[in-house]
Amino acid sequence: MNDKFLKPYNAKETEASIYKMWEESGFFNPDNCENKRGEVFSILMPPTNANGSLHAGHGLVMTIQDIMIRYKRLRGYKTLWLPGLDHAGFETQVVYEKKLEKEGRSRFEIEPKVLYEEIMKFTLENSQNIKSQVKSIGASCDWSRIKFTLDDDIVKTVYQTFKKLSEDDLLYRGKRIVSWCPKHQTSFSDLEIKDEEKIEPFYYLKYGPFVISTSRPETKFGDKYVVMHPEDKRYEAYKHGDKFELEWINGKITATVIKDSAIDMAFGTGVMTITPWHDPVDFDIAERHKLEKEQIIDERGKLLPVAGEFAGTSISKARPLIIEKLRAKGLVEKVDEAYKHNIKTCYKCGTTIEPQIKSQWFVRMKPLAEKALEKIKSGEIKYIPDQYEKISTHWLNNIIDWNISRQIVWGIPIPAKLCNKCDIGIVDLEDKEIKCSKCGGDLIKDIDTFDTWFSSSQWPYATMGYPDGKDFKDYYPTDVMETSGDIIFFWVSRMIMLGLYVTGNIPFKTVYLHGLVLDAKGKKMSKSKGNVINPLDLTDKYGTDAFRMGLIVGNTPGTSLALSEDKIRAYKNFANKLWNITRFVLTSVGEERLEKDFSNYSDTDNKLIAERELILKDVTSDLESLRLYLAAEKLYHYAWHSFADFILEESKIILQKGSIEEVKSRKQFLLHTLSKILISLHPFIPFVTEEIWKDMPIDDKKMLIIEDWPV
RNA sequence: GCGCCCUUAGCUCAGUUGGUAGAGCAACCCAUUUACACUGGGAAGGUCAGGAGUUCAAGUCUCUUAGGGCGCACCA
């Protein structure tokens, strides 16, 4: 027996060299593995923010996927786990802007091209960091195939899709109302917006013969349409299109009566004025009746000249002043001081979103969503846990067009030209169009970039070299899409839609969604609360295997997990337990080597074998159904409480007092069982099992990572 | 407002098709030159949130009440 077993298991000394051994073996790359079953299994690693560092959530992602991959590899599948890095457009740009702020610079003063180069350099430097962190978790992904969302071939695919969408009339450039962040100076899609409950005053204002209500008096300067429900008896006397004069904030204006059934008769007075430029509901009403739209607030959140004396004032400063003026004119009917309502905020900085009308590129989602819904309904795409199927279906059924333009430099440039006269946009992948075909105006290059999710939604086929790539033919569709439940719309649903649209085939068969990793008290980790657990601290202290087990056991998909250090410590003990089990077994068997075809077992051992096989079968079925949490626990229990506590104790007597046949039988049983325990535990705790495997007295053995699954 | 999920031992959570309630941690008693103290043995701990129903049988299915969480939509 190797002397190393005389000391407790030392994860720290072992892990780096084991990972290096795997990497050098080439077995992470399916091209180097024998295809024993003639079946493939593939997973895409959700592209990690190249600029970020590993957090507990990544730890979970990497562990779950690595377990799936290692298990299938052991079962003889040709397994591809394709790693990726994400330029994470807006996220990274925000991080970089903070850095600029600290240096006393601003992105608005830097030439876009220069800024892009700077962020690229910054990101590529940091990407080395995240890669080595992913490795430290034990991820057995194929690094030779790593893809970055800004790689030329990915960009090329994204451009082809953009063009195809345009040709199929699923893309349009439209002057539409979008969610605009006055701080970040970019528009968003509906998903980047967070609702926040706020208590604010609610004003009832006299508007000619009507009383209207608003929480946003600063938008009211241009309001010249007063809207009511066509069936509202109270306002029967007023006809659609009636005009009247009234005294308003800055003097006399002419208003027009509009009848529209979007009005809720029960709310307030049942009458409202509209600000189509700054409110989506108002925008829709204006579109329906072809009403004029006027911008009141600029991109920085300041009032425009239409506000007269208030021009140039910010919203927060102007609001009380406007009310003061209205009050002086006797136009304030009443004020509800504590009005509770939801306002839309930027998910990143919390700034109140200021809707603006902008020319942006939109994707028509309804036709894409319908195809996705079919595949979900037919069961071709399965969700784990299954409640996500309903959540996805609901979102897809109510989908709105997707704004894919972002006014930031860090991203894939939109390959299009805009007319400086008529503002139409044309897709121009070759960058050769000069004159507008419609009005003859000059074409200028669109300076916007794509929403990050527009490129990551194409990840499954873009990374595999669609349409001609060998990997695309071999590994698409992938088997499991494993990611966090909170990006189900951002990413998962859009991958399904674009995958189906571009390739005609689903991008993955099973969607496996894990929950959030919370702190030990079940609270969300956040830098401001100071409760962020760095996974690398834990792997350093308890070993990566212990960390992995702690994340997996008892963690059901979709449910958030309270990460307790106690639990991880318990699995550190488990790694050591296996170590000592090995020490005992190796000492007990002496010179005995594992005989592959041994069958002359004693009755006692045959009974134990039957038990063991039952458990291994059970574990295999759990793994096939992706019940990782159960498989891990069952193996843990068998190794510790059956094999160590009972079988090893019993062996002490048999090896001492048994007949020659009984001793031989027991020695073989111990070796076979230990080897099966090591193989089946390998997906969960790869490092310690591989390290032990080196010393197993087995002839012609392979590396554990490519051994044969014991069932 | 609409929809979904959760409520099981002190804590964190399992419990796949209905068939005598489980794990880890914590706490309690005992053992101590043992393969392993990163240990072993033992005992304790639950009217499965409350109520009603279906069933020979319900933690599991149905309805309902309460509390917690999440998603979506929001009325100016």
Side-chain angles (χ1 to χ4, degrees), chain A residues 1 5-11 190-191 195 202-205 212-217 219-220 223 226-228 262-275 278-282 285 339 341-344 385-395 397-400 485-486 488-489 515-516 518 520-522 524 542-543 546 549-550 553-556 558-588 618 621-622 625-627 629-630 632-634 636-637 640-641 644-646 648-649 651-652:
Chain A
M1 185 193 67
F5 291 107
L6 297 175
K7 289 185 295 180
Y9 172 62
N10 187 328
D190 52 321
L191 294 177
D195 281 349
F202 192 59
Y203 307 97
Y204 289 80
L205 308 175
I212 60 147
S213 44
T214 184
S215 57
R216 302 205 54 194
T219 63
K220 297 284 140 197
D223 287 16
V226 59
V227 192
M228 57 212 77
I263 297 296
D264 180 353
M265 288 187 266
F267 186 85
T269 57
V271 183
M272 71 174 197
T273 59
I274 55 167
T275 315
H278 300 290
D279 185 286
V281 175
D282 296 2
I285 293 173
Y339 174 64
H341 67 152
N342 287 332
I343 59 162
K344 292 184 187 311
D386 58 7
Q387 65 255 32
Y388 276 105
E389 183 182 319
K390 284 186 188 160
I391 295 174
S392 301
T393 304
H394 181 259
W395 185 76
N397 274 322
N398 295 285
I399 202 155
I400 63 169
D486 55 9
I488 181 162
F489 309 138
L516 293 172
L518 308 172
K521 289 176 195 148
K524 206 167 170 175
Y542 302 107
M549 276 298 267
V553 176
N555 183 13
T556 41
T559 312
S560 53
L561 167 82
L563 184 58
S564 104
E565 212 168 315
D566 279 343
K567 197 171 163 191
I568 295 168
R569 190 184 310 117
Y571 293 113
K572 180 194 172 178
N573 296 352
F574 179 55
N576 194 54
K577 189 75 186 180
L578 273 183
W579 196 251
N580 281 299
I581 286 171
T582 309
R583 174 176 170 185
F584 177 85
V585 169
L586 294 184
T587 314
S588 302
D618 202 21
S621 125
D622 285 335
S625 312
L626 303 179
R627 291 187 295 259
Y629 53 102
L630 283 184
E633 191 174 339
K634 283 173 186 167
Y636 169 87
H637 202 264
W640 197 317
H641 300 298
D645 289 350
F646 177 77
L648 295 194
E649 289 307 318
S651 300
K652 289 175 188 171

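A, B, ... follow the sequence lines: proteins, then strands. Residue 1 opens every chain.
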query: Which of the following nucleotides, C38(B), A35(B), A76(B), is nearest to the side chain of Lys220(A)?
result: A76(B)
task: To the nearest Å, give me how far apart CD1 (Ile488(A)) and P (C72(B)) are.
output: 11 Å
query: Base, sugar-phosphate alone, or nothing: which one does Ser215(A) contact when heavy atoms must sit under 4.0 Å apart?
result: sugar-phosphate
message: Measure OH/Tyr388(A) against P/C72(B) and give the value in whole Å, please.
response: 11 Å
task: Please work out if Tyr9(A) contacts a base, only the sugar-phosphate, or nothing of the nucleic acid, heavy-atom cut-off 4.0 Å.
output: nothing
task: Both distances under 3.5 Å, Watson-Crick or G-U wobble: report the partner of C13(B), or none.
output: G22(B)
- prompt: Is any side-chain N or O of Trp640(A) closer than 4.0 Å to OP1 or OP2 of G40(B)?
  reply: yes
message: What is the distance, to the nearest angstrom, from the NZ atom on Lys524(A) to the C1' atom on G68(B)?
response: 16 Å
- request: Using the six-membered ring wherever Trp is involved, compare the ring planes of Tyr636(A) and Trp640(A) and label them parallel, tilted or perpendicular (cut-offs 30° and 60°).
  value: tilted
task: Between U20(B) and G59(B), how far apart are the P atoms? Round to whole Å, please.
output: 10 Å
field: Heavy-atom donor-acceptor pair, Lys567(A) side chain to Val553(A) backbone, under 3.5 Å
entry: yes
task: Give a yes/no answer on whether the side chain of His641(A) brings an N or O atom under 4.0 Å of OP1 or OP2 in U39(B).
output: no
Can you check nucleotides 13-16 of chain B for protein contacts, nitrogen or oxygen pairs under 3.5 Å, and list what you find?
residue	atom	partner	partner atom	Å
C13(B)	O2'	Gly554(A)	O	2.9
A14(B)	OP1	Thr556(A)	OG1	2.5
G15(B)	OP1	Tyr629(A)	OH	3.1
U16(B)	O2	Arg627(A)	NE	2.9
U16(B)	O2	Arg627(A)	NH1	2.5
U16(B)	O2	Arg627(A)	NH2	2.8

message: Taking A26(B) as the reference, what is the distance to A9(B) when you measure between their C1' atoms (whole Å, please)?
response: 11 Å
- prompt: Which pair of non-hydrogen atoms, one from Ile212(A) and one from Thr269(A), has the smallest distance, and what is that distance?
  reply: CA-OG1, 4.3 Å
message: For the P atoms, the ones on A49(B) and on A44(B), what distance do you get once it is rounded to whole angstrom?
response: 24 Å
Rounded distance in Å between the C1' positions of G68(B) and C30(B): 42 Å
- prompt: Mind checking whether Tyr339(A) and His341(A) have parallel, tilted or perpendicular rings, split at 30° and 60°?
  reply: tilted
query: Of all heavy-atom pairs between Tyr542(A) and Glu565(A), which one has the smallest distance, and what is that distance?
result: OH-OE2, 2.7 Å
task: Scan Ala644(A) against the nucleic acid and name what it touches under 4.0 Å (heavy atoms): base, sugar-phosphate only, or nothing.
output: base
task: Using atom CD of Glu649(A) as one end and atom P of A35(B) as the other, report the distance to the nearest whole Å.
output: 8 Å
Would you list the atom pairs, donor with acceptor, under 3.5 Å between side chains in residues 578-585 of chain A and any protein atom, with sequence neighbours excluded?
residue	atom	partner	partner atom	Å
Trp579(A)	NE1	Lys7(A)	O	2.8
Asn580(A)	ND2	Asn576(A)	O	3.1
Thr582(A)	OG1	Leu578(A)	O	2.8

task: Consider the side chain of Asn580(A), meaning its heavy atoms from C-beta on, and name the nucleotide among C36(B), A23(B), G40(B) that approaches it most closely.
output: C36(B)
Complementary nucleotide of U62(B), counting Watson-Crick and G-U pairs under 3.5 Å: A52(B)
Counter-base of C72(B), judged by Watson-Crick or G-U geometry with both distances under 3.5 Å: G1(B)
message: On the nucleotide A76(B), are OP1 or OP2 found under 4.0 Å from the side-chain N or O atoms that His341(A) carries?
response: yes
task: Write down the partner of C36(B) under the Watson-Crick or G-U wobble criteria, each distance required to be under 3.5 Å.
output: none
- request: Please figure out whether His394(A) or Asn576(A) has its closest RNA chain B nucleotide nearer the 5' end.
  value: Asn576(A)
query: Rounded to whole angstroms, how far apart are CD1 on Ile391(A) and P on G71(B)?
result: 9 Å
- request: Between C11(B) and C4(B), how far apart are the C1' atoms? Round to whole Å, please.
  value: 27 Å
query: What integer number of Å spans the C1' atoms of G67(B) and G50(B)?
result: 11 Å
task: Give, ordered by number, those residues of residues 564-572 of chain A having at least one heavy-atom distance below 4.0 Å to an atom of RNA chain B; if nothing qualifies, reply none.
output: Asp566(A), Ala570(A), Lys572(A)
message: Rounding to an integer number of angstrom, what distance separates A27(B) and A66(B) when you compare their P atoms?
response: 39 Å
query: Quantified in whole Å, what is the C1' atom distance between nucleotide U64(B) and nucleotide G45(B)?
result: 31 Å
field: Lys577(A) side-chain N/O to A35(B) phosphate OP1/OP2 under 4.0 Å
entry: no
